[in-house]
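Below is one structure, written out as structure tokens; comments come after it.
Labels below follow one simple rule: chain letters A, B, ... track the order of the sequence lines, proteins then strands, and each chain is numbered from 1.
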There are 2 protein chains.
Amino acid sequence: MKELHHPAIENVALEHMFQALSDPVRTEIVNRLATMTEATCTMLNAGRPKSSMSHHYRVLRDSGLIRTRIKGTMHINTLRRAELDLRFPGLLDAVLGAIGVNAGKEAEDEAKGGGA
Amino acid sequence: MKELHHPAIENVALEHMFQALSDPVRTEIVNRLATMTEATCTMLNAGRPKSSMSHHYRVLRDSGLIRTRIKGTMHINTLRRAELDLRFPGLLDAVLGAIGVNAGKEAEDEAKGGGA
DNA sequence: CCTAACGTTCGCTTGTATTCGAACAATAGA
DNA sequence: TCTATTGTTCGAATACAAGCGAACGTTAGG
């Protein structure tokens with residue numbers, strides 16, 4: 001079993017978290033994980049090549065935002081909610097809320113023809 | 001009077017904000033502004049060359065996090081707290097709290113010799 | 001053992017950020 | 001007007017991140 005690396009919660013750096021969240025592909029992953037609680041990589045690959053997505057999972061893992069556990073041939077991803085809430089109280093909830101707001105706005109923009 | 005550009009609050013994108021916050025120099029600026037309410041650029045330049053710092057102010061401005069108003073020869077920076085709280089309720093407070101936690105941790109690490 | 005499925009890792013290209021000196025613009029004061 | 005001060009802008013070097021095909025490793029099933 002090939003273990004993947006996850007930083008200890010005390011070593012999670014705020015800057016790395018923000019960096020991880022600065023890419024729309026990754027905020028979308030985080031957003032989905034927030035509602036689905038867990039998901040395999042293929043469930044989250046939106047038609048994109050897997051090498052690209054694997055890169056994003058790694059960034060999210062290294063930043064401390066998600067945890068990936070291996071079951072059979074597939075990798076199951078979850079948000080590290082409880083741990084993160086201990087480390088940075090209230091932050092993840094606020095971020096998830098904002099991602100939701102942002103996602104809503106993007107949908108609006110698209111409806112107005114701004115996203116096409 | 002040379003006006004600087006600030007995005008309208010509706011056009012502030014979450015990803016840009018996170019990107020702006022992904023650099024320790026900038027989180028420090030934000031952290032200081034959170035306690036000082038306002039500060040000129042020289043007050044925030046920690047011995048670094050001003051062209052570098054000016055770049056960071058610009059990133060923070062473009063991301064929507066700070067506002068710079070010009071008074072005489074100096075530029076006075078403030079956080080766009082109220083506006084941001086309307087756009088992403090609770091986010092900025094959580095971020096400021098986290099930056100504080102992070103800053104505290106870094107001070108600890110340094111005391112332990114990890115930061116040298 | 002052989003093959004298919006799931007993701008990671010490698011190597012490369014392209015694009016974007018950071019850094020900093022030097023030149024510039026705007027204001028204040030002598 | 002001349003000079004000092006405050007910050008921005010330009011330009012170039014360097015470093016970092018995204019994207020993707022191809023090769024690889026691991027597990028499941030035949």
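When each of dG21(D), dA18(D), dC20(C) is scored by its nearest atom to the side-chain atoms of R26(A), the top-ranked nucleotide is dA18(D). Taking every side-chain heavy atom of S51(A) into account, dG21(D) is the closest of dC20(C), dG21(D), dA18(D). Nearest to the side chain of M74(B), among dG19(D), dT19(C), dT6(D), sits dT6(D). In the set dT18(C), dT8(C), dG19(D), dT8(C) carries the atom at the smallest distance from any side-chain atom of L4(A). Of the listed nucleotides (dG7(C), dG7(D), dA18(D)), dG7(D) has the atom at the smallest distance from the side chain of T40(B). Comparing dC6(C), dA17(C), dT9(D) against the side chain of T73(A) picks out dC6(C) as the nearest. When the nucleotides dC20(C), dT19(C), dT9(C) are ranked by their closest atom to the side chain of R58(A), dT9(C) comes out on top. Of the candidates dT19(C), dT27(C), dG7(D), dT19(C) carries the atom nearest the H56(B) side chain, counting heavy atoms from C-beta on.
Contact annotation: H55(A) side-chain N/O to dG19(D) OP1/OP2 distance is not under 4.0 Å. Contact check, S52(B) against dC20(C): a side-chain N or O comes under 4.0 Å of OP1 or OP2. Put simply, R48(A) has no side-chain N or O that comes within less than 4.0 Å of OP1 or OP2 on dA18(D).
At distances below 3.5 Å, at least one donor-acceptor pair connects side-chain atoms of R26(A) with backbone N or O atoms of A20(A).
Nearest-nucleotide assignment on DNA chain D puts the 5′-proximal partner with D23(A), out of D23(A) and K50(A).
Whole-Å rounding puts the E15(A) CD to dA17(C) P distance at 17 Å. Counting to the nearest Å, the C1' atom of dA17(D) and the CG atom of L21(A) are 16 Å from each other. In this structure, I76(B) places its CD1 atom 15 Å from C1' of dT5(D), rounding to the nearest Å. Spacing between atom CD of E3(B) and atom C1' of dT8(D) amounts to 14 Å, rounded to whole angstrom units. N45(B) has its CG atom 15 Å from the P atom of dT5(D), to the nearest Å. If you take CD of Q19(A) and P of dA18(D), they are 6 Å apart, rounded to a whole angstrom. One interatomic measurement links the two molecules: NZ of K71(A) to C1' of dT26(D), which rounds to 17 Å at whole-angstrom precision. We find that CD1 of I70(B) is positioned 15 Å from P of dA25(C), with the value rounded to whole Å.
Here the side chains of M53(B) and I29(B) are in contact, with some heavy-atom distance below 4.5 Å.
Both F88(B) and I9(B) are members of a single hydrophobic cluster when ILVMFWY side chains are connected at heavy-atom separations under 4.5 Å.
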Y57(B) vs N45(B), side chain to side chain donor-acceptor pair (under 3.5 Å): CA-CA, chis, key distance, verdict: CA-CA 10 Å; Y57(B) 296 130; N45(B) 294 10; 2.8 Å; yes
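The 12-atom threshold is not exceeded at NE2 of H16(A), counting heavy atoms of other residues, nucleotides or ligands nearer than 6.0 Å.
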